[in-house]
Amino acid sequence: MLTRRHFLLTAAATPLVAYGATRAGAGETPEGTPKGKPAILSYNGAAIGGYDPVGYFMSAGEVAGDAAHKVDWNGATFLFASASNKKTFESDPEAFAPQYGGYCSYAAALNYVAPTSANAWSIHEDRLYLNFNLHVRSIWEQDKPGYIAKADNNWPGPLFA
C-alpha cells in the first residue's frame, strides 16, 4: 500500500522549492492558494512554469511558452508557444489544462497536494497529468486508471473548502 511516507520518501529525491506535500484536509494550503476553489499551481509567473499545455498534446513533450501568447484562465496565466496553440486552448481550456490544477496527480490520488515538474507528464484518455518528478511518474504509470479514480474522488477535497 502506498502511504504518505512512501510519497514523501519518493518525493525527497527532488527538492521542493516553494511548496511542500500537504495533506488535504489538514487546514493547510500551499502558499498563495485561495480557499473556496481549487487553485491552479503557478510558478515562474505562469501555470506549468510557463510551458505550453497544448504543446504536450501536439508535439508529445514539454514546449516553452512565450509571454507574447498568453491567456488568463481560472486565475492563472497560461503561456503558449504560438498564436495557434493559444487559439486551440481558448476553444476548449478544460480539454488542455492539466488535471488537478496542475498539482501532482499521484499526490492527489493519495489526498495530498504537491508541485510538479514540467517534464514529468503523461497524457491519458486525452487529459494532461503532471507529476512531482520522473520517479513519481513511474509509480503513477503503474496504475493510471486506479490513481485517476482515487484523485478524481479526492479532488478538490477539503483543502480548498
Side-chain angles (χ1 to χ4, degrees), residues 2 6-7 10-11 14 19 21-25 29-30 33-34 36-66 69-161:
L2 298 171
H6 179 92
F7 176 77
T10 301
T14 303
Y19 296 87
T22 304
R23 175 82 171 145
T29 59
T33 301
K37 70 173 191 170
I40 294 176
L41 175 63
S42 295
Y43 53 97
N44 297 332
I48 318 175
Y51 286 90
D52 180 342
V54 176
Y56 288 99
F57 293 88
M58 303 303 180
S59 62
E62 60 275 8
V63 177
D66 184 327
H69 309 291
K70 69 180 181 176
V71 171
D72 290 324
W73 179 75
N74 245 12
T77 299
F78 288 84
L79 304 182
F80 302 90
S82 67
S84 173
N85 282 10
K86 175 185 173 186
K87 185 176 179 179
T88 298
F89 181 85
E90 288 175 317
S91 72
D92 191 1
E94 292 284 341
F96 295 98
Q99 300 301 292
Y100 318 117
Y103 289 92
C104 177
S105 299
Y106 177 70
L110 299 179
N111 209 23
Y112 294 87
V113 294
T116 54
S117 175
N119 70 338
W121 62 277
S122 59
I123 304 287
H124 181 75
E125 296 183 356
D126 295 322
R127 296 287 183 219
L128 173 60
Y129 297 91
L130 300 172
N131 290 111
F132 179 75
N133 61 25
L134 294 173
H135 181 72
V136 170
R137 183 182 72 178
S138 70
I139 297 168
W140 164 259
E141 289 177 341
Q142 293 173 18
D143 183 17
K144 283 183 199 175
Y147 290 130
I148 289 168
K150 289 177 184 176
D152 286 350
N153 187 56
N154 293 337
W155 191 259
L159 177 67
F160 296 98

Of all the heavy-atom pairs spanning Ala118 and Tyr43, show the shortest one and how long it is. N-OH, 3.9 Å
If you measure from CG on Leu130 to OH on Tyr51, what distance do you get to the nearest 0.5 Å? 12.0 Å
Quick one: does Ser117's side chain get under 4.5 Å of Leu134's, heavy atoms only? no
Compare every heavy atom of Lys86 with every heavy atom of Lys70, then report the nearest pair and how far apart it is. O-CE, 3.4 Å
Which atom pair, heavy atoms only, marks the closest approach of Ala76 to Ala47? CB-CB, 4.2 Å
Quick one: CG on Asn131 to OH on Tyr100, what's the gap to the nearest 0.5 Å? 10.5 Å
Less than 4.5 Å apart, any side-chain heavy atom of Pro93 and any of Asn74? no
To the closest 0.5 Å, what do you measure between CD (Glu62) and CG (Asp52)? 11.5 Å
So which atom in Arg127 and which in Gln99 form the shortest heavy-atom distance, rounded to 0.1 Å? CD-NE2, 3.3 Å
Consider only side-chain N and O atoms of Ser122 and Trp140, and report whether a donor and an acceptor are under 3.5 Å apart. yes
If you round to the nearest 0.5 Å, how far is CD1 of Ile139 from CG of Asn133? 8.0 Å
Hey, does Pro145 have a side-chain heavy atom less than 4.5 Å from the side chain of His124? yes
How far does CG of Asp66 sit from CG of Asn85, to the nearest 0.5 angstrom? 11.5 Å
Given Tyr106 and Thr116, is the side chain to side chain contact (heavy atoms under 4.5 Å, CB included) satisfied, shown in steps? CA-CA 10 Å; Tyr106 177 70; Thr116 54; over 6 Å; no
Rounded to the nearest 0.5 Å, what separation is found between the CZ atom of Phe78 and the CD atom of Glu90? 12.0 Å
Which atom pair, heavy atoms only, marks the closest approach of Ile123 to Lys144? O-NZ, 4.1 Å
Could you check whether atom CG of Asp126 has more than 12 heavy atoms from other residues, nucleotides or ligands sitting under 6.0 Å from it? no
Heavy-atom closest pair, residues Pro53 and Leu128: O-CD2, 4.3 Å
Test ring-ring contact (aromatic ring centres under 6.0 Å, His included) on Phe96 and Phe57; report intermediate values, then the result. CA-CA 8 Å; Phe96 295 98; Phe57 293 88; 5.2 Å; yes
Side chain to side chain contact (heavy atoms under 4.5 Å, CB included), that's the test. Do Glu141 and Tyr129 meet it? Break it down for me. CA-CA 11 Å; Glu141 289 177 341; Tyr129 297 91; over 6 Å; no
Qualifying residues under ring-ring contact (aromatic ring centres under 6.0 Å, His included), relative to Phe80, sequence neighbours excluded: Phe89
